[in-house]
Amino acid sequence: MGIFFDPEVWGIAWPPIRSGILITLALALASIAAGTAAGFALSLARTLPVRRLAAAIVVYSDAFRAFPPLVLLVVLYFAAPFAGIELSGFAASFLALALVLAASAEEIFWAGLTSVRRGQWEAALSTGMSRAATLRRVILPQAVRLTIPPLTNRAIATGKNTALASVVAVPEVLNQAASIQAQTASPAPLLLAAVVYVALFLPLVRLGRWLEDRFPSP
């Protein structure tokens, strides 16, 4: 077990892994923010009485929820240049994670919107409120409350998937640990990276559990 807990190797590995933490957090936060916002916008667009638009959103959501993030990342980074689109490792990772999250977030928001009884739409509209005002004042406050736990879980999954960026040489935690592991021929940096990931995402997991208790599904 000493090879996994080598203080000397951990001392060598910590500075690059510490810098990788900043990259991991930046990638996670950017992907989660963009994916959630895009999913929310798509769910709102789906409420419009435009069948072709709604159908296109459904196709996008289904397709990208079925797309493994790693495969999408590889396509964006290695295949897109053949079409004249060159992306950095960070940009390709961001797009892959955000696109997949947006598809899941759209379905989560849509489920929240459709869980609100149709009678509440009709009651609000009958008072003279516009469709937009009804959505903003009556429907969304109830719908968003129901989406918080599942959205938190998807955000956690997206944060953990930042490790996939190591495949395209983004210097995040896993990539830095793997580089030091190759230099030192020791597994200790990989264990240190595992400890770092747990430290980063365990608070979010606990938050997700609390939110599930605080906002239970009806």
Student: Pair L200, L25 - check side chain to side chain contact (heavy atoms under 4.5 Å, CB included), show working.
Tutor: CA-CA 9 Å; L200 287 176; L25 290 176; 4.0 Å; yes
Student: CD1/I21 to OH/Y197 distance, rounded to the nearest 0.5 angstrom?
Tutor: 9.5 Å
Student: Output yes when a side-chain donor or acceptor of T24 lies under 3.5 Å from a complementary backbone atom of V173, and no otherwise.
Tutor: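 Answer holds: yes.
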Student: Working to the nearest 0.5 angstrom, can you tell me the gap between I148 CD1 and N153 CG?
Tutor: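 Separation between the atoms: 12.0 Å.
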Student: According to side-chain hydrogen bond (donor to acceptor under 3.5 Å, both in side chains), who are the partners of S19, at least two apart in sequence or on a separate chain?
Tutor: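 Partners of S19 under the side-chain hydrogen bond (donor to acceptor under 3.5 Å, both in side chains) test: Q176.
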Student: If you apply the rule side chain to side chain contact (heavy atoms under 4.5 Å, CB included), what do you find for F78 with V168, and how did you get there?
Tutor: CA-CA 9 Å; F78 293 106; V168 292; 4.0 Å; yes
Student: Quick check: is V167 connected to L190 through a chain of hydrophobic side chains (ILVMFWY, heavy atoms under 4.5 Å apart)?
Tutor: no
Student: If you compare all heavy atoms of F201 against all heavy atoms of G159, which two are closest, and at what distance to 0.1 Å?
Tutor: CZ-O, 3.2 Å
Student: Roughly how far apart are L174 CG and I17 CD1, rounded to 0.5 Å?
Tutor: 9.0 Å
Student: Could you list the residues that satisfy salt bridge (charged side-chain N to carboxylate O under 4.0 Å, His left out) with E106, not counting sequence neighbours?
Tutor: R46
Student: State the CD1-CG distance between I156 and L151, to the nearest 0.5 angstrom.
Tutor: 11.0 Å
Student: Are I23 and L70 connected in a single hydrophobic cluster, I mean Ile/Leu/Val/Met/Phe/Trp/Tyr linked by side-chain heavy atoms less than 4.5 Å apart?
Tutor: yes
Student: By side-chain hydrogen bond (donor to acceptor under 3.5 Å, both in side chains), which residues pair with Q181, not counting sequence neighbours?
Tutor: none
Student: Members other than L101 in its cluster, when Ile, Leu, Val, Met, Phe, Trp, Tyr link by side-chain heavy atoms under 4.5 Å?
Tutor: I32
Student: Can you get from I12 to L192 by hopping between Ile, Leu, Val, Met, Phe, Trp and Tyr side chains that sit under 4.5 Å apart?
Tutor: no
Student: How far apart are the closest heavy atoms of F109 and G39, and which atoms are they?
Tutor: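 Nearest heavy atoms, F109 then G39: CD1-C, 3.9 Å.
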Student: Using atom types as modelled, flag every donor-acceptor pair under 3.5 Å from a side chain in residues 83-100 to any protein atom, sequence neighbours excluded.
Tutor:
{"from": "S88", "atom 1": "OG", "to": "A91", "atom 2": "N", "distance (Å)": "3.0"}
{"from": "S93", "atom 1": "OG", "to": "G89", "atom 2": "O", "distance (Å)": "2.7"}

Student: Filter on side-chain hydrogen bond (donor to acceptor under 3.5 Å, both in side chains), then keep only pairs touching residues 28-37, sequence neighbours left out; what's left?
Tutor: none
Student: Step by step, work out the side chain to side chain contact (heavy atoms under 4.5 Å, CB included) result for V196 and W14.
Tutor: CA-CA 10 Å; V196 167; W14 174 242; 4.0 Å; yes
Student: How far apart are the closest heavy atoms of A102 and Y60, and which atoms are they?
Tutor: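 What the structure gives for the nearest pair is CB-OH, 3.5 Å.
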Student: Report yes if the side chains of F40 and T147 come closer than 4.5 Å at any heavy-atom pair, otherwise no.
Tutor: no
Student: Hey, is the main chain of G112 close enough, under 3.5 Å, to the side chain of S115 for a donor-acceptor pair?
Tutor: yes
Student: Please give me the minimum heavy-atom distance between P149 and L146, naming the atom from each residue.
Tutor: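 So the minimum-distance heavy-atom pair works out to CD-O, 3.8 Å.
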Student: Do L164 and L29 share a hydrophobic cluster, counting only Ile, Leu, Val, Met, Phe, Trp and Tyr and linking them when any side-chain heavy atoms are less than 4.5 Å apart?
Tutor: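 Different clusters.
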Student: Taking all atoms of both residues into account, what is the closest heavy-atom pair of A177 and A193, and its distance?
Tutor: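 Scanning both residues completely, I find the closest heavy atoms to be CB-CB, 3.6 Å.
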Student: Looking only at heavy atoms, which two atoms of A45 and L53 are closest? And how far apart?
Tutor: O-CD2, 3.6 Å
Student: What's the verdict on side chain to side chain contact (heavy atoms under 4.5 Å, CB included) for E172 and L27, showing C-alpha distance, side-chain angles and the deciding distance?
Tutor: CA-CA 9 Å; E172 45 72 65; L27 179 57; 5.5 Å; no
Student: Between the side chain of E107 and the main-chain N/O of W110, is any donor-acceptor distance below 3.5 Å?
Tutor: no
Student: Hydrophobic clusters here meaning ILVMFWY residues chained together by side-chain heavy-atom distances under 4.5 Å, can you tell me if V71 and Y77 are in one?
Tutor: yes
